[in-house]
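Take a look at the structure set out below.
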Amino acid sequence: MFSDENVAKEINDKFEPVWVSVREVPTVTIDFGNGHKIKRTLHGNVASYVLTADGTIVDILPGLYERDEYVKQLNNLFWVHHYIPLSRNAQVFLADYHREQAQSIKTSGKALEVRPFADMSKMAIEISTKTILRPPGWSAGPKSGVKPTATVEHPDFSKPGELAHWRKLFEDTAVNERERRGPVHAMLLAHPGAKPADVTKQLYREVLHADIDDPYLGLGETLFKDYPFTEDNPEGASKASLGAKHSAPKHSQAI
Amino acid sequence: MSRRAINILSLLAIVAGTVAIVPVFAQSDGAKRSAEFPVKGLINERINQNIVTQPSVGDKTAILGARHLVPADMSKGRVEMPVRSLLFDKFKQPAEATKARSVVAPDSVAVPVPPPAELRLKAPAKAVGSSQKPSLKNRNEKVEPGKVRWHKMVQTAMDASKQSGKPVLLFQMMGHLDDRFC
């Protein structure tokens, strides 16, 4: 996505971008036993934080987004950031923003849109969430007739730009907006003025379902619970991943 | 002797001098090539025979030590490892890299007369470049992380944000954005 000219331009123009790694990505290798092996990344996940200059989180986009929606959401967050210093109280403004977004997602399944250039209005308006947030689809207009982007189920990844039309990416984007952003807003509402370090673990554990404190990323139950040959499991796998609730039988080697 | 005859003789002398100098340059160039040629020949010969080097386990100094005959399609890692190790050692542990040159092959295939040490260090790299394209399938090589102008550190991005007034975009991920497979 970051190789796309338009996405890169949008980010370079509007943001001070930086990327960080929270941990190594897990990989899985399947050895077919005939000399053929395949290696894939597994359970990798991402989050895009928009921060103020002092590192306070404005909002988070959880997971991977398709190109156009990513740019649209980043643009919304750019404007939220823009309005913070124009509001009466930054912390109250952000709390109101997260509350109203969480409510909108809960009721309509979609986040509210952020009105750009509200402070440039002829009428001198006070910047608050009421004056900047608009219903979903507001920017497209009621009769916009915008065609949804054509998606491809099995894109040819050797061709540049094909990834942008991958149906799975669109489906992931929809899941992110419908199911993950609500909990993100709730989390940020509960942690006013949070910095990334304050919420990263919670975000990965509760929203992205990849517990970065767990050596098996929360996959332990799936990996070990019903696997009969426990001697194959790595040392401490049952304790680390299953906890008391699903612990594997002790001394199972003797069975 | 007429003035014209003197001029002609002078001209002939200059031409003769030039002709005499040319072989000197040619000879020096030839000498260079004659020094290089056996090394290139050796490398090409080794490529043709699919002979590559393999480091001994746990002994970085023996990078050029053990030599094995392997099929070309199996040799990717074996070719890369010595090159990487050589580069690594060369930059990080010059003393050890120097030591590596003096290691004698423990078991081996008959190898022609070894080239000068300095050139011998370069041999595996040339072999990789000329014999086969490195496959990307099993390597997680570093790539450009897109066309976005990423700051190197979060603090740098925050400092830049103070100056520009733009928000910081922190892209957080498992793995590394500059890895080919992330």
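Lettering of chains follows the sequences in order, A, B, ..., and the numbering in each one begins at 1.
The local environment of NZ in B:K162 is crowded, with over 12 non-hydrogen atoms from other residues, nucleotides or ligands closer than 6.0 Å. No more than 12 heavy atoms of other residues, nucleotides or ligands sit less than 6.0 Å from atom CZ of B:R149.
Checked by atom type and distance alone, the side chain of A:N12 never pairs as donor or acceptor with a backbone atom of B:V148 at under 3.5 Å.
Distance check: B:M158 CE to A:E16 CD gives 12.0 Å after rounding to the nearest 0.5 Å.
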Given B:V168 and A:T52, is the side-chain contact (heavy atoms from CB on, under 4.5 Å) satisfied, shown in steps? CA-CA 6 Å; B:V168 174; A:T52 61; over 6 Å; no
Please lay out, stage by stage, how A:L74 and B:L169 fare under the test side-chain contact (heavy atoms from CB on, under 4.5 Å). CA-CA 9 Å; A:L74 284 182; B:L169 174 63; 3.7 Å; yes
Derivation and outcome, side-chain contact (heavy atoms from CB on, under 4.5 Å), residues B:K166 and A:H81: CA-CA 8 Å; B:K166 295 178 191 175; A:H81 173 269; over 6 Å; no
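The side-chain contact (heavy atoms from CB on, under 4.5 Å) with B:L170 is formed by just one residue from the set A:P17, A:S48, A:P196; it is A:P196. For the side-chain contact (heavy atoms from CB on, under 4.5 Å) with B:Q172, the lone residue among A:V18, A:I60, A:V46, A:V20 that qualifies is A:V20.
Note: A:D13 leads A:D13, A:T29, A:I84, A:V7 in heavy-atom pairs under 4.5 Å with chain B.
For the residue pair A:S21 and B:G175, the shortest heavy atom distance occurs at OG-O, 2.7 Å.
Using a 4.5 Å heavy-atom cutoff, the side chains of A:I212 and B:M174 are in contact. A heavy-atom distance below 4.5 Å is not found between the side chains of B:H151 and A:W19. Under the 4.5 Å side-chain criterion, counting only non-hydrogen atoms from C-beta, B:K147 is not in contact with A:K9.
When ring centroids are compared, B:F171 and A:Y49 stay outside the 6.0 Å threshold.
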